[in-house]
Every structure is written in structure tokens, then in C-alpha cells.
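Below: the structure, in C-alpha cells.
Each ligand, and each atom within it, is numbered from 1 in the order the structure gives. Computation of the quantities below employed the complete heavy-atom set of this structure, encompassing side-chain atoms and omitting hydrogens, waters and symmetry-equivalent molecules.
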Amino acid sequence: MREVLLERFSAFGLEISPEQAEKFCLYHTLLGEANARFNLTRVPEEISEAVDRNYLDSACALKIGLIADAQRIVDVGTGAGFPGIPLAILLPEREFTLLDALGKRVEFLREVIDRLGLNARAVKMRAEEAGRSAQMREQFDLAVSRAVAPMRVLAELMLPLVRVGGGMLAYKGPGLGEEMEAAQTALELLGGRAAGVFPAEIPGRDWRHALARIEKARATPEKYPRRVGIPEKRPL
Ligand code: SAM
């Protein structure tokens, strides 16, 4: 695992320290153990594919320079910890909040955070509730999210958490152009402004992943996010 990890990060163009490599290896072991106990996430059998799909893919925002100087970062619908845990390993000085609705995943993440000594906390909460709580609303410099919802839904889950002047990054696959079109009204209503789509390339893979960056231009009106489940049921 260690050799493949170092080789893939180097091909990707990000140097990682021996300590960071250890943390990725331990995370990988903990993921495997948890997957044997309950169905946590799909981990590809082949190690290089597992590294590329989960760790390098999560690191794309950093590689492209989209994290910039964001200090307080929230990962919305983090699941087994993507992209939040790899980013927390790579950026140990930043503060991460990993949000997910499912208790079992959050328990797993607490164990990972503790064992790896990360500057992070895992919170079991729906994003709609977090967006209405005084402790989290407009408290983050940056919100990130991978594989959670279409952009117009995601915007309602993420933008309320971001301070004015901050931003959100959505990890997406092919078809992002149409999602961005469909999200225009939602972005306008929520105080967001589209700030570019960036190809997220991994050497040797033709996955056509991309990252969309949205800036928080204005405060989100009080009425958003709507009640749990409504953003998905009746997208803006
Ligand atoms: N981001 C991870 C990844 O890329 O592997 C997990 C993706 S998984 C398909 C979607 C996750 O989002 C699930 O763990 C689910 O519990 C969580 N989720 C979906 N809607 C949510 C919401 N409204 N609030 C919090 N978590 C949510």
C-alpha cells in the first residue's frame, strides 16, 4: 500500500511526508476493517484504483489550488470521509468539520480522527439542520462535497454554511455543465455566484471529473435552507 500510495501521489504532483503516508495507510486499514463489519463505502480491490478514486480524487481541490487559505472547512455528506479526511491529512493546520446524516459513518469517522490525530470533528447532522443552527450557519470559509446531490440541491445544503466572501466546491463527474445551468436560480436565491469549473485530472484515468467553485457573494436569506428533505424534493 505504502509504495503504491507514494508512487501515485508523486505521479499526481503532490509530495506527501512519511507521516502523511502513514496516516493514509492507517485510514485505508480502518476503512477495510469497517467495511468488513458493515457496508461503509465501496473500496476498489486494486490498490492503485482505491488510491486514485478516493485519496487522489479528494486531493484534486488542493492540487488545483482551490482550497487557497480557507481555515474552517466543512465537508457536507462526507460518508466514509471523502474528500474531508484526505484533505485533513494533507492540510493539518486547517480545521475540518465532517458532516453526515448517518450515525454509523460518523462513529467510524470519530475513530479515524482520533487514531490519525487529525484537526477535525465529525458531526451527525443533516445539512439542512446545520444550516439553521447558530453554531454552523455562515461559520465556514469553505464547504466541500462529493457525490451527494445535484448542484441546485447541493447549493441549498452548502451555501448557508459559508460566510460571505467564502465559497463552496462541488466534486462532480461528467455532465456538470447542465447541472450548473439548472442551478442558476438556486445560486441567485441563496447568495451564490458561479466562479468556474475546473477539470480534476488524475494521471492515467479518463474519468472526466471536475470541480465547480461557487462564491458566496451575499448572505443567504433566513428562509433557506428549507426543512429536512425539501431541498431534494422541491429543488429551487
Ligand atoms: N462524500 C462521500 C464520498 O464521496 O464517498 C459520500 C458520498 S455518499 C453517496 C452520500 C452521503 O451523503 C451519505 O453518507 C449520506 O448520508 C450523506 N447525505 C446525503 N444527504 C445529506 C444531508 N442532507 N445532510 C447530511 N448528509 C447527507
To check your reading of the model: name the closest protein heavy atom to [atom], its residue, and the distance in Å.
{"atom": "atom 18 (N) of ligand 1", "result": "Gly77 CA, 4.1 Å"}
{"atom": "atom 23 (N) of ligand 1", "result": "Glu128 OE1, 3.0 Å"}
{"atom": "atom 16 (O) of ligand 1", "result": "Asp100 OD1, 2.7 Å"}
{"atom": "atom 13 (C) of ligand 1", "result": "Arg105 NH1, 3.2 Å"}

Which of the ligand 1 atoms, numbered from 1, are nearer than 4.0 Å to a heavy atom of [X]:
{"X": "Leu102", "answer": "16 (O)"}
{"X": "Ala101", "answer": "25 (C), 26 (N)"}
{"X": "Met125", "answer": "25 (C)"}
{"X": "Gly79", "answer": "6 (C), 14 (O)"}
{"X": "Val148", "answer": "12 (O), 19 (C)"}

Pairs of nitrogen or oxygen atoms closer than 3.5 Å, one from [X] and one from ligand 1: do any exist?
{"X": "Arg146", "answer": "yes"}
{"X": "Pro83", "answer": "no"}
{"X": "Ala147", "answer": "no"}
{"X": "Phe82", "answer": "yes"}

Part of Thr78 within contact of ligand 1 (heavy atoms, under 4.0 Å) =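 It is the backbone that gets close, since no side chain atom is under 4.0 Å.
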request  = Pick one of side chain, backbone, both or neither for how Glu232 approaches ligand 1, counting any non-hydrogen atom pair under 4.0 Å.
outcome  =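 None of Glu232 does.
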Indicate yes or no: does [X] engage [Y] in a salt bridge with an N to O separation below 4.0 Å.
{"X": "Asp141", "Y": "Arg94", "result": "no"}
{"X": "Glu22", "Y": "Arg2", "result": "yes"}
{"X": "Arg226", "Y": "Glu156", "result": "yes"}

State whether the number of non-hydrogen atoms from other residues, nucleotides or ligands found under 6.0 Å of [X] atom [atom1] is greater than 12.
{"X": "Arg208", "atom1": "CZ", "value": "no"}
{"X": "Arg193", "atom1": "CZ", "value": "no"}
{"X": "Glu7", "atom1": "CD", "value": "yes"}
{"X": "Glu232", "atom1": "CD", "value": "no"}

ask   = Would Glu19 and Ser17 satisfy side-chain hydrogen bond (donor to acceptor under 3.5 Å, both in side chains), going step by step from the backbone distance to the final call?
value = CA-CA 5 Å; Glu19 197 189 1; Ser17 68; 4.8 Å; no
request  = Compare all side-chain heavy atoms of Asp75 with those of Pro83 and state whether any distance is below 4.5 angstrom.
outcome  =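 Yes, close enough: below the 4.5 Å cut-off.
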key: Sidechain-backbone polar pair: Tyr55 side chain, Phe24 backbone, donor-acceptor under 3.5 Å   =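 No; zero donor-acceptor contacts below 3.5 Å.
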query = So, for Phe82 and Tyr27, is the gap between ring centers shorter than 6.0 Å?
reply =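 Judged by ring-centre distance (under 6.0 Å), Phe82 and Tyr27 do meet the cut-off.
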inquiry  = Using heavy-atom distances only, which candidate in Ala127, Ser58, Gly103 approaches atom 25 (C) of ligand 1 most closely?
reply    =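 It is Ala127 that holds the nearest heavy atom.
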message = Within the protein, is there a heavy atom lying under 4.0 Å from atom 10 (C) of ligand 1?
response =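 There is a protein heavy atom less than 4.0 Å from atom 10 (C) of ligand 1.
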